[in-house]
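Order of appearance sets the numbers: ligands from 1, and atoms from 1 within every ligand. Keep in mind it's a predicted model, so treat the numbers as computed, not measured.
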Amino acid sequence: MNHAMELPSLPSGTLEPGIYIVATPIGNLGDITLRAIAVLAGAGLIACEDTRVAGKLLKHLGIKSRLQRLDDHASPEVRARIIDEARHRPVALVSDAGTPLISDPGYRLVREARAAGVTVTSIPGPCAAIAALAMAGLPSDRFLFAGFLPVKDKARTDALAALAGIEATLVFYETAPRLERSLLAIADLWPEREVAVAREITKLHEECRSGTAAALAEHYAAHPPRGEIALLIGPPVAAEAPLPDTDALLKAALAEAGPGKAAGIVAKATGIERASLYARALELKGE
Ligand code: SAM
(Lines give C-alpha, C1' and ligand atoms only; values in the text may rest on other atoms or scores of the structure.)
Protein backbone atom coordinates (compact mmCIF):
# COMPACT_ATOMS: atom_id res chain seq x y z
CA MET A 1 0.00 0.00 0.00
CA ASN A 2 1.37 3.45 -0.85
CA HIS A 3 1.13 5.95 2.02
CA ALA A 4 2.87 8.76 0.14
CA MET A 5 1.01 12.06 0.22
CA GLU A 6 0.12 13.73 -3.04
CA LEU A 7 2.54 16.58 -3.67
CA PRO A 8 1.28 20.02 -4.59
CA SER A 9 2.14 20.72 -8.18
CA LEU A 10 5.35 22.68 -8.33
CA PRO A 11 7.32 22.40 -11.53
CA SER A 12 10.79 21.10 -10.75
CA GLY A 13 13.58 23.59 -11.22
CA THR A 14 11.56 26.57 -10.00
CA LEU A 15 13.52 26.89 -6.76
CA GLU A 16 16.38 29.35 -6.77
CA PRO A 17 19.72 28.20 -5.35
CA GLY A 18 20.16 28.94 -1.64
CA ILE A 19 19.43 27.50 1.76
CA TYR A 20 15.82 26.84 2.74
CA ILE A 21 15.13 26.45 6.46
CA VAL A 22 12.15 24.10 6.47
CA ALA A 23 9.93 23.54 9.53
CA THR A 24 8.53 20.01 9.85
CA PRO A 25 5.76 18.57 12.08
CA ILE A 26 6.20 18.27 15.87
CA GLY A 27 3.98 15.20 16.05
CA ASN A 28 1.11 15.38 13.62
CA LEU A 29 2.29 14.75 10.07
CA GLY A 30 -0.69 16.70 8.77
CA ASP A 31 1.07 19.87 9.91
CA ILE A 32 3.63 19.82 7.10
CA THR A 33 2.99 22.85 4.90
CA LEU A 34 2.49 22.74 1.15
CA ARG A 35 5.54 24.93 0.70
CA ALA A 36 7.64 22.66 2.90
CA ILE A 37 6.69 19.67 0.72
CA ALA A 38 7.45 21.55 -2.47
CA VAL A 39 10.85 22.72 -1.19
CA LEU A 40 11.82 19.28 0.12
CA ALA A 41 10.81 17.73 -3.21
CA GLY A 42 12.68 20.35 -5.21
CA ALA A 43 15.84 20.48 -3.09
CA GLY A 44 19.03 19.09 -4.60
CA LEU A 45 20.18 18.23 -1.10
CA ILE A 46 18.49 18.05 2.30
CA ALA A 47 20.73 18.71 5.30
CA CYS A 48 19.19 17.06 8.33
CA GLU A 49 19.84 16.45 12.01
CA ASP A 50 19.38 12.68 11.69
CA THR A 51 19.13 10.91 8.34
CA ARG A 52 16.89 8.17 9.76
CA VAL A 53 14.32 10.65 11.13
CA ALA A 54 14.35 12.79 7.98
CA GLY A 55 14.25 9.63 5.84
CA LYS A 56 11.03 8.55 7.53
CA LEU A 57 9.33 11.89 6.84
CA LEU A 58 10.51 11.91 3.23
CA LYS A 59 9.29 8.36 2.72
CA HIS A 60 5.89 9.38 4.05
CA LEU A 61 5.88 12.25 1.57
CA GLY A 62 7.17 10.11 -1.30
CA ILE A 63 10.24 12.32 -1.72
CA LYS A 64 13.63 10.93 -2.68
CA SER A 65 16.01 13.93 -2.33
CA ARG A 66 19.62 13.33 -1.25
CA LEU A 67 20.28 13.57 2.51
CA GLN A 68 23.33 14.90 4.34
CA ARG A 69 23.70 14.78 8.12
CA LEU A 70 24.18 18.17 9.76
CA ASP A 71 23.98 18.07 13.53
CA ASP A 72 25.58 20.16 16.26
CA HIS A 73 28.85 18.25 15.84
CA ALA A 74 29.18 18.90 12.10
CA SER A 75 32.65 20.11 11.18
CA PRO A 76 33.23 23.51 9.55
CA GLU A 77 34.18 21.59 6.38
CA VAL A 78 30.76 19.88 6.23
CA ARG A 79 29.06 23.26 6.60
CA ALA A 80 31.33 24.81 3.97
CA ARG A 81 30.46 22.02 1.50
CA ILE A 82 26.73 22.50 2.09
CA ILE A 83 27.06 26.26 1.65
CA ASP A 84 29.05 25.74 -1.54
CA GLU A 85 26.38 23.44 -2.89
CA ALA A 86 23.72 26.03 -2.04
CA ARG A 87 25.39 28.47 -4.44
CA HIS A 88 24.34 26.22 -7.32
CA ARG A 89 21.14 24.49 -6.24
CA PRO A 90 18.41 24.66 -3.57
CA VAL A 91 19.48 23.05 -0.30
CA ALA A 92 16.93 22.41 2.46
CA LEU A 93 17.70 22.23 6.18
CA VAL A 94 15.40 20.25 8.47
CA SER A 95 15.71 19.15 12.08
CA ASP A 96 14.11 16.08 13.65
CA ALA A 97 10.94 18.05 14.38
CA GLY A 98 9.69 21.61 14.30
CA THR A 99 11.66 24.65 13.26
CA PRO A 100 15.41 24.21 12.75
CA LEU A 101 17.63 26.47 14.93
CA ILE A 102 15.01 26.58 17.72
CA SER A 103 16.87 24.40 20.26
CA ASP A 104 18.05 22.53 17.17
CA PRO A 105 21.04 22.67 14.83
CA GLY A 106 21.37 25.23 12.07
CA TYR A 107 22.58 28.48 13.62
CA ARG A 108 26.18 28.20 12.42
CA LEU A 109 25.12 27.11 8.95
CA VAL A 110 22.76 30.07 8.56
CA ARG A 111 25.29 32.54 9.90
CA GLU A 112 28.07 31.28 7.69
CA ALA A 113 25.82 31.03 4.62
CA ARG A 114 24.71 34.63 5.03
CA ALA A 115 28.28 35.78 5.52
CA ALA A 116 29.20 33.94 2.31
CA GLY A 117 26.47 35.79 0.42
CA VAL A 118 24.25 32.72 -0.02
CA THR A 119 20.51 33.41 0.15
CA VAL A 120 18.77 31.95 3.21
CA THR A 121 14.99 31.55 3.12
CA SER A 122 12.66 30.48 5.93
CA ILE A 123 9.83 28.06 5.20
CA PRO A 124 7.89 28.53 8.46
CA GLY A 125 5.71 25.97 10.15
CA PRO A 126 5.40 24.06 13.41
CA CYS A 127 7.34 25.17 16.48
CA ALA A 128 6.52 23.72 19.90
CA ALA A 129 7.33 26.97 21.75
CA ILE A 130 4.91 29.00 19.66
CA ALA A 131 2.23 26.28 19.64
CA ALA A 132 2.47 26.08 23.45
CA LEU A 133 2.28 29.85 23.87
CA ALA A 134 -0.76 29.98 21.62
CA MET A 135 -2.69 27.45 23.70
CA ALA A 136 -1.55 28.16 27.28
CA GLY A 137 -3.74 31.17 28.05
CA LEU A 138 -0.78 33.12 29.44
CA PRO A 139 0.05 36.65 28.25
CA SER A 140 1.30 36.30 24.69
CA ASP A 141 2.11 39.93 23.90
CA ARG A 142 5.62 39.57 25.30
CA PHE A 143 7.42 36.28 25.73
CA LEU A 144 10.94 35.04 26.17
CA PHE A 145 11.96 31.66 24.86
CA ALA A 146 14.86 30.26 26.87
CA GLY A 147 15.32 26.73 25.50
CA PHE A 148 16.04 23.91 27.96
CA LEU A 149 16.72 24.63 31.64
CA PRO A 150 19.99 23.28 33.08
CA VAL A 151 19.80 19.75 34.47
CA LYS A 152 21.43 20.31 37.87
CA ASP A 153 19.32 21.78 40.66
CA LYS A 154 21.48 24.79 41.53
CA ALA A 155 22.18 25.70 37.91
CA ARG A 156 18.46 25.40 37.14
CA THR A 157 17.48 27.66 40.04
CA ASP A 158 20.18 30.18 39.08
CA ALA A 159 19.01 30.18 35.47
CA LEU A 160 15.42 30.79 36.56
CA ALA A 161 16.40 33.48 39.09
CA ALA A 162 18.33 35.32 36.37
CA LEU A 163 15.01 35.74 34.53
CA ALA A 164 13.10 36.97 37.59
CA GLY A 165 12.56 40.56 36.52
CA ILE A 166 11.53 39.83 32.93
CA GLU A 167 8.05 41.22 32.33
CA ALA A 168 7.08 38.52 29.88
CA THR A 169 5.84 34.96 29.71
CA LEU A 170 8.84 32.63 29.91
CA VAL A 171 8.82 29.61 27.58
CA PHE A 172 11.08 26.58 28.08
CA TYR A 173 11.49 23.15 26.60
CA GLU A 174 11.44 20.40 29.22
CA THR A 175 11.70 16.65 29.42
CA ALA A 176 9.23 14.39 31.21
CA PRO A 177 11.69 13.01 33.80
CA ARG A 178 12.77 16.53 34.83
CA LEU A 179 9.40 18.26 34.85
CA GLU A 180 8.58 17.75 38.51
CA ARG A 181 11.92 19.07 39.79
CA SER A 182 11.66 22.11 37.54
CA LEU A 183 8.16 22.80 38.82
CA LEU A 184 9.38 22.52 42.43
CA ALA A 185 12.19 24.99 41.68
CA ILE A 186 9.66 27.40 40.15
CA ALA A 187 7.34 26.95 43.16
CA ASP A 188 10.19 27.97 45.48
CA LEU A 189 11.01 31.09 43.50
CA TRP A 190 7.57 32.21 42.38
CA PRO A 191 4.79 30.47 44.33
CA GLU A 192 2.13 32.80 42.92
CA ARG A 193 2.92 32.86 39.24
CA GLU A 194 0.68 31.01 36.82
CA VAL A 195 2.48 28.15 35.13
CA ALA A 196 1.41 26.00 32.18
CA VAL A 197 2.58 22.61 30.98
CA ALA A 198 1.84 21.91 27.30
CA ARG A 199 2.45 18.26 26.55
CA GLU A 200 2.38 16.18 23.38
CA ILE A 201 1.16 19.11 21.30
CA THR A 202 -0.54 18.02 18.04
CA LYS A 203 -0.43 14.37 19.17
CA LEU A 204 -3.07 11.94 20.40
CA HIS A 205 -2.49 12.67 24.11
CA GLU A 206 -2.11 16.43 23.83
CA GLU A 207 -2.83 18.29 27.06
CA CYS A 208 -2.29 21.76 28.41
CA ARG A 209 -2.60 22.09 32.17
CA SER A 210 -2.15 25.31 34.12
CA GLY A 211 -2.01 26.36 37.76
CA THR A 212 0.60 27.22 40.34
CA ALA A 213 3.90 25.41 40.04
CA ALA A 214 3.26 23.64 43.36
CA ALA A 215 -0.15 22.35 42.24
CA LEU A 216 1.30 21.15 38.93
CA ALA A 217 4.23 19.49 40.69
CA GLU A 218 1.76 17.63 42.90
CA HIS A 219 -0.30 16.58 39.88
CA TYR A 220 2.71 15.27 37.95
CA ALA A 221 4.09 13.51 41.04
CA ALA A 222 0.83 11.54 41.12
CA HIS A 223 0.62 11.20 37.31
CA PRO A 224 4.15 10.93 35.93
CA PRO A 225 4.13 12.67 32.56
CA ARG A 226 5.20 11.12 29.29
CA GLY A 227 6.18 12.55 25.98
CA GLU A 228 7.36 15.98 24.93
CA ILE A 229 6.80 19.03 27.05
CA ALA A 230 6.89 22.82 26.85
CA LEU A 231 6.85 24.66 30.17
CA LEU A 232 5.59 28.22 30.46
CA ILE A 233 5.75 30.66 33.36
CA GLY A 234 3.54 33.74 33.46
CA PRO A 235 5.06 37.18 34.00
CA PRO A 236 5.76 38.48 37.53
CA VAL A 237 2.61 39.05 39.57
CA ALA A 238 2.06 42.31 41.44
CA ALA A 239 3.05 40.89 44.82
CA GLU A 240 6.55 40.01 43.58
CA ALA A 241 7.52 43.45 42.41
CA PRO A 242 5.32 46.01 44.10
CA LEU A 243 4.96 49.14 42.04
CA PRO A 244 6.17 52.20 43.91
CA ASP A 245 3.38 54.38 45.33
CA THR A 246 4.40 57.37 43.25
CA ASP A 247 1.63 59.60 44.62
CA ALA A 248 2.87 59.12 48.18
CA LEU A 249 6.45 59.78 47.12
CA LEU A 250 5.48 62.87 45.15
CA LYS A 251 3.39 64.23 48.03
CA ALA A 252 6.33 63.80 50.41
CA ALA A 253 8.67 65.53 47.96
CA LEU A 254 6.13 68.31 47.30
CA ALA A 255 6.09 69.10 51.02
CA GLU A 256 9.65 70.32 50.62
CA ALA A 257 10.06 71.28 46.96
CA GLY A 258 8.23 72.61 43.93
CA PRO A 259 6.71 70.25 41.29
CA GLY A 260 9.82 70.26 39.07
CA LYS A 261 12.25 69.38 41.80
CA ALA A 262 9.82 66.90 43.39
CA ALA A 263 9.41 65.11 40.04
CA GLY A 264 13.20 64.96 39.68
CA ILE A 265 13.65 63.47 43.17
CA VAL A 266 11.00 60.78 42.59
CA ALA A 267 12.29 60.05 39.07
CA LYS A 268 15.75 59.42 40.50
CA ALA A 269 14.38 57.22 43.28
CA THR A 270 12.08 55.09 41.13
CA GLY A 271 13.53 55.19 37.62
CA ILE A 272 10.14 56.39 36.35
CA GLU A 273 10.15 58.95 33.54
CA ARG A 274 10.37 62.51 34.94
CA ALA A 275 7.87 64.07 32.51
CA SER A 276 4.95 61.93 33.65
CA LEU A 277 5.88 62.50 37.31
CA TYR A 278 6.01 66.25 36.73
CA ALA A 279 2.53 66.21 35.18
CA ARG A 280 1.22 64.27 38.16
CA ALA A 281 3.06 66.57 40.61
CA LEU A 282 1.26 69.56 39.04
CA GLU A 283 -2.08 67.76 39.45
CA LEU A 284 -1.35 66.90 43.08
CA LYS A 285 -0.31 70.46 43.79
CA GLY A 286 -3.64 71.65 42.39
CA GLU A 287 -5.72 69.12 44.35
N1 SAM B 1 12.93 22.76 16.93
C2 SAM B 1 11.84 22.22 17.68
C3 SAM B 1 10.65 23.19 17.63
O4 SAM B 1 10.60 24.03 16.75
O5 SAM B 1 9.76 23.07 18.46
C6 SAM B 1 12.26 21.88 19.10
C7 SAM B 1 13.39 20.93 19.20
S8 SAM B 1 13.88 20.54 20.83
C9 SAM B 1 15.28 19.55 20.55
C10 SAM B 1 12.73 19.35 21.34
C11 SAM B 1 11.88 19.82 22.50
O12 SAM B 1 10.80 20.61 22.01
C13 SAM B 1 11.23 18.71 23.26
O14 SAM B 1 12.10 18.16 24.24
C15 SAM B 1 10.06 19.42 23.91
O16 SAM B 1 10.48 20.16 25.03
C17 SAM B 1 9.66 20.38 22.79
N18 SAM B 1 8.65 19.76 21.93
C19 SAM B 1 8.82 19.23 20.72
N20 SAM B 1 7.67 18.72 20.25
C21 SAM B 1 6.74 18.93 21.21
C22 SAM B 1 5.36 18.62 21.33
N23 SAM B 1 4.71 17.98 20.38
N24 SAM B 1 4.72 18.99 22.47
C25 SAM B 1 5.37 19.65 23.45
N26 SAM B 1 6.67 19.98 23.38
C27 SAM B 1 7.35 19.60 22.29
Can you tell me if Arg35 uses its side chain to pair, donor with acceptor, with the backbone of Ile123 under 3.5 Å? no
Give me the nearest non-hydrogen protein atom to atom 16 (O) of ligand 1 as residue plus atom name, then the distance to 0.1 Å. Ile229 O, 2.6 Å
Can you find an N or O of Ile102 that's nearer than 3.5 Å to an N or O of ligand 1? yes
Hey, does Ala129 come in under 3.5 Å of ligand 1, counting only N/O atoms on both sides? no
re atom 8 (S) of ligand 1, the protein heavy-atom contact at minimum distance is Ser103 O, 3.7 Å
Which ligand 1 atoms, with their elements, are less than 4.0 angstrom from a heavy-atom of Gly98? 3 (C), 4 (O)
Ligand 1 to Glu200, heavy atom cutoff 4.0 Å, flagged ligand atoms 23 (N), 24 (N), 25 (C)
Ring centroid separation for Phe172 and Phe145, is it under 6.0 angstrom? no
protein heavy-atom neighbour closest to atom 13 (C) of ligand 1 works out as Glu228 OE2, 3.6 Å
Could you tell me whether the side chains of Arg142 and Thr169 share a donor-acceptor contact shorter than 3.5 Å? no
Is there a heavy atom of Ala97 sitting under 4.0 angstrom from any atom of ligand 1? yes
Backbone N or O of Asp96 within a donor-acceptor pair of the Glu49 side chain at under 3.5 Å? yes
For Ala230, the ligand 1 atoms with a heavy-atom partner under 4.0 Å come out as 25 (C), 26 (N)
Considering only heavy atoms of Ala198, which atoms of ligand 1 have at least one such atom less than 4.0 Å away? 25 (C)
Side-chain contact, heavy-atom cut-off 4.5 Å: Lys285 with Leu254? yes
Nearest non-hydrogen protein atom, atom 18 (N) of ligand 1: Ala128 CB, 3.4 Å
Which part of Ile201 is near ligand 1, with near meaning a heavy atom under 4.0 Å away: side chain, backbone, both or neither? both
Side chain, backbone, both or neither: which part of Asp96 comes within less than 4.0 Å of ligand 1 when only heavy atoms are counted? neither
Run down the list Phe148, Tyr173, Phe172, Phe145 and name the one with the heavy atom closest to atom 14 (O) of ligand 1. Phe148
Evaluate the salt bridge (charged side-chain N to carboxylate O under 4.0 Å, His left out) criterion for residues Glu256 and Lys261: first the C-alpha distance (whole Å), next the side-chain angles of each, then the deciding distance (0.1 Å), finally the verdict. CA-CA 9 Å; Glu256 298 181 8; Lys261 197 163 175 206; over 6 Å; no
Under 3.5 Å, N or O to N or O, is Ile26 touching ligand 1 that way? yes
Hey, does Ile46 have a side-chain heavy atom less than 4.5 Å from the side chain of Arg66? no
Arg199-ligand 1 polar pair, N/O distance under 3.5 Å: no
Full working for side-chain hydrogen bond (donor to acceptor under 3.5 Å, both in side chains) between Arg156 and Ser182: CA-CA 8 Å; Arg156 184 197 293 115; Ser182 291; 3.2 Å; yes
Can you report which non-hydrogen protein atom sits closest to atom 4 (O) of ligand 1, along with the distance? Thr99 N, 2.8 Å
For residues His205 and Arg199, is any side-chain donor paired with an opposing acceptor at under 3.5 Å? no
Close approach of Asp104 to ligand 1, heavy atoms, under 4.0 angstrom: yes
4.0 Å heavy-atom contact, Thr202 with ligand 1: no
Would you check the N or O atoms of Lys203, main chain and side chain alike, for any that come under 3.5 Å of an N or O of ligand 1? no
Donor + acceptor pair across side chains of Ser95, Asp104 (<3.5 Å): yes
Donor-acceptor pairs under 3.5 angstrom involving side-chain atoms of residues 107-117: please list them, not counting sequence neighbours.
| residue | atom | partner | partner atom | Å |
| --- | --- | --- | --- | --- |
| Glu112 | OE1 | Arg79 | NE | 2.8 |
| Glu112 | OE2 | Arg79 | NE | 3.3 |
| Glu112 | OE2 | Arg79 | NH2 | 3.1 |

If only atom types and distance count, is the side chain of Tyr20 paired as donor or acceptor with the main-chain N or O of Val39 below 3.5 Å? no
